[in-house]
Amino acid sequence: MAKVYQIATVLYDVLRTVIPSSKVDKETEIYAKEVKRNRGQYEHYNILPLSVVGIKPAIMELPEIKAAIRAICTVDTLPMPRIHSSIHQDDNVITPEYRDMSSIHQDDNVITPEYRDKSINDIFDWLASIFGFQKGNVANQREHLILILANMDARTRKSEHYEQLDSGTIYQLKETIFKNYCLWCDYLQCKSNLTSSQSSDRPQLELLYIALYLLIWGEASNIRFMPECICYIFHNMASELREVLYNNVHPVTGDTYQTATHSEEAFLKDVVTPIYEVLRKEARRNKGGKASHSAWRNYDDLNEYFWYDLPYHCAQYCHYVPEAYFVLIGS
């Protein structure tokens with residue numbers, strides 16, 4: 001059924017492209033609106049049907065799953081970016097990707113998606129709007145984090161009835177994920193950007209850091225073979241995240257950080273692609289493995305650049321990791 005709704009949506013889009021809207025008959029318009037209203041029930045998913053409405057599978061009723069979803073859907077204290085309404089002017093229908101997963105009925109404590117006029121439903125949507133992560137990556141890492149949190153929390157719980165994640169679960173996951181990053185900071189003798197907080201917002205802040213790292217990893221492509229490069233990217237993006245949260249002043253421009261939205265390919269184009277192009281050029285220089293190793297650089301060679309403090313000190317002048325870093329350090 002999911003494929004049927006997808007095909008019907010595409011066919012209607014094609015029809016509106018080749019035929020003026022005024023010439024589309026009313027019956028077709030009625031069918032199209034019905035498809036838009038119901039297609040959310042048949043969206044594809046991996047393990048967790050987060051966008052499905054109606055009768056929920058048993059996995060969505062597990063307390064650890066509910067608790068994990070509640071944790072990532074806490075966005076009330078975050079500064080909301082400037083976004084456009086998700087309502088179509090022609091039929092006032094809100095598309096499924098803008099559904100609110102965090103709506104919880106107080107009477108039965110069941111999480112049910114409802115429509116609302118904004119696209120920020122959880123910390124992943126918020127991070128994607130700030131840094132420009134792709135929609136598919138956001139969906140994958142959202143499910144990824146929910147399952148990790150639920151599995152870790154279920155192992156330590158003795159009661160089968162609870163609504164909130166144990167704060168120790170989030171802290172333990174943060175320590176595991178950022179072990180290499182902390183070692184990298186110690187080696188470079190630079191201060192970690194994992195800002196700690198003793199307030200009630202600490203679990204949310206830790207989840208933001210974890211979600212940001214997972215989103216970076218999800219789009220890193222071949223850069224995943226360069227763990228210290230990943231640390232460097234996260235280090236600078238975590239710094240920007242902190243400035244956005246606390247509305248501080250940019251060190252170069254002197255302007256206040258603004259929570260404006262970015263396109264969903266901004267991170268891929270501005271951060272991943274420049275580094276990938278360097279990797280691709282170096283791979284071509286090895287001439288199919290026939291060139292001397294001194295004539296080209298592999299992943300380890302390029303990753304070694306990020307064991308030095310030059311990129312760290314240049315961060316205030318350059319946005320993340322431009323190709324010039326590799327040329328400058330290599331020379």
Sorted by chain and residue number, the side chain to side chain donor-acceptor pair (under 3.5 Å) partners of Tyr299 (sequence neighbours excluded) come out as Asn222

Scanning both residues in full, the closest heavy-atom pair of Leu207 with Ile72 reads CD1-N, 4.5 Å

When you check the gap from the basic side-chain N to the acidic O, do Glu277 and Arg280 get nearer than 4.0 Å?
yes

Tell me whether the centres of the aromatic rings in Phe267 and Phe131 are closer together than 6.0 Å.
no

Walk me through it: do Leu212 and Leu208 pass the test side chain to side chain contact (heavy atoms under 4.5 Å, CB included)?
CA-CA 6 Å; Leu212 176 60; Leu208 281 170; over 6 Å; no

Report whether Ile123 and Leu147 are members of the same hydrophobic cluster (ILVMFWY, side-chain heavy atoms less than 4.5 Å apart, transitive linking).
yes

Passing option when Phe178 is tested against Leu183, Leu173, Leu194 for side-chain contact (heavy atoms from CB on, under 4.5 Å)
Leu194

Sequence-distant partners of Glu143, salt bridge (charged side-chain N to carboxylate O under 4.0 Å, His left out), two or more places apart
none

Straight-line distance of Asp166 CG to Arg155 CZ, nearest 0.5 Å:
14.0 Å

Please determine whether a side-chain nitrogen of the Lys or Arg among Glu163 and Arg70 lies less than 4.0 Å from a carboxylate oxygen of the Asp or Glu.
no

Considering non-hydrogen atoms only, spot the tightest contact between Leu165 and Ala68 and give its length.
CD1-CA, 3.9 Å

Taking salt bridge (charged side-chain N to carboxylate O under 4.0 Å, His left out) as the definition, give me every residue that meets it alongside Glu219, ordered by chain and number, with sequence neighbours left out.
none

Give a yes or no answer on whether the side chain of Asp122 reaches the backbone of Ile69 with a donor-acceptor pair at less than 3.5 Å.
no

How close do Ser221 and Val272 get, counting heavy atoms only, and between which atoms?
CB-CG1, 4.4 Å

Asn236 side, atom CG; Cys231 side, atom SG - distance, nearest 0.5 Å
11.5 Å

Rounded to the nearest 0.5 Å, what separation is found between the CG atom of Leu279 and the CZ atom of Arg284?
12.5 Å

Do Ile148 and Ile210 land in one hydrophobic cluster if side-chain heavy atoms of ILVMFWY residues count as linked below 4.5 Å?
yes

Measuring from atom CG of Leu50 to atom CZ of Arg142, what distance do you get when rounded to the nearest 0.5 angstrom?
7.0 Å

Shortest non-hydrogen separation from Ile59 to Pro49 and the atoms involved
CG2-CD, 4.2 Å

ILVMFWY cluster, Tyr276 and Tyr232 together (side-chain gap under 4.5 Å):
no

Quick one: does Tyr209's side chain have a donor or acceptor within less than 3.5 Å of a partner on Asn193's backbone?
yes

Mind checking the CD1-CD spacing from Ile177 to Glu206? Nearest 0.5 Å is all I need.
11.0 Å

Before giving the answer on side chain to side chain contact (heavy atoms under 4.5 Å, CB included), spell out for Ser129 and Ile120 the whole-Å C-alpha distance, their side-chain angles and the decisive distance to 0.1 Å.
CA-CA 8 Å; Ser129 67; Ile120 308 299; 3.7 Å; yes

Mind running side-chain hydrogen bond (donor to acceptor under 3.5 Å, both in side chains) on Asp25 and Thr28 for me, showing each step along the way?
CA-CA 6 Å; Asp25 60 273; Thr28 302; 2.8 Å; yes

Residue pairs meeting side-chain hydrogen bond (donor to acceptor under 3.5 Å, both in side chains), one or both in residues 170-181, sequence neighbours left out, come to Asn180-Glu228, Tyr181-His235

Has Asn140 got a side-chain atom pairing as donor or acceptor with Gly136's backbone, closer than 3.5 angstrom?
yes

Given side chain to side chain contact (heavy atoms under 4.5 Å, CB included), test Asp301 with Glu282 step by step and report yes or no.
CA-CA 10 Å; Asp301 296 326; Glu282 291 297 325; over 6 Å; no

Check the hydrophobic clustering (I, L, V, M, F, W, Y; side-chain heavy atoms under 4.5 Å; chains of links allowed) and say if Ile19 and Ile30 are grouped together.
no

Polar side-chain atom of Ser192 near backbone of Cys182 as donor-acceptor pair, under 3.5 Å
no

To the closest 0.5 Å, what do you measure between CZ (Phe124) and NE2 (His144)?
9.0 Å

Non-hydrogen atoms of Leu268 and Thr273 that approach each other most closely
O-OG1, 2.7 Å

With Arg224 via salt bridge (charged side-chain N to carboxylate O under 4.0 Å, His left out) - residues at least two apart:
none

Measure from the side-chain N and O atoms of Asp153 to the backbone N and O of Leu149, and report whether any donor-acceptor pair falls under 3.5 Å.
no

Please check if Phe225 and Leu302 belong to a single hydrophobic cluster, counting links between Ile, Leu, Val, Met, Phe, Trp and Tyr side chain heavy atoms closer than 4.5 Å.
yes

With sequence neighbours left out, what residues match Glu265 under salt bridge (charged side-chain N to carboxylate O under 4.0 Å, His left out)?
Lys269

What are the two closest heavy atoms between Tyr187 and Trp307, and how far apart are they?
CD2-CE3, 3.1 Å

Could you walk me through whether Val244 and Leu78 pass the side chain to side chain contact (heavy atoms under 4.5 Å, CB included) test, one step at a time?
CA-CA 9 Å; Val244 169; Leu78 299 178; over 6 Å; no

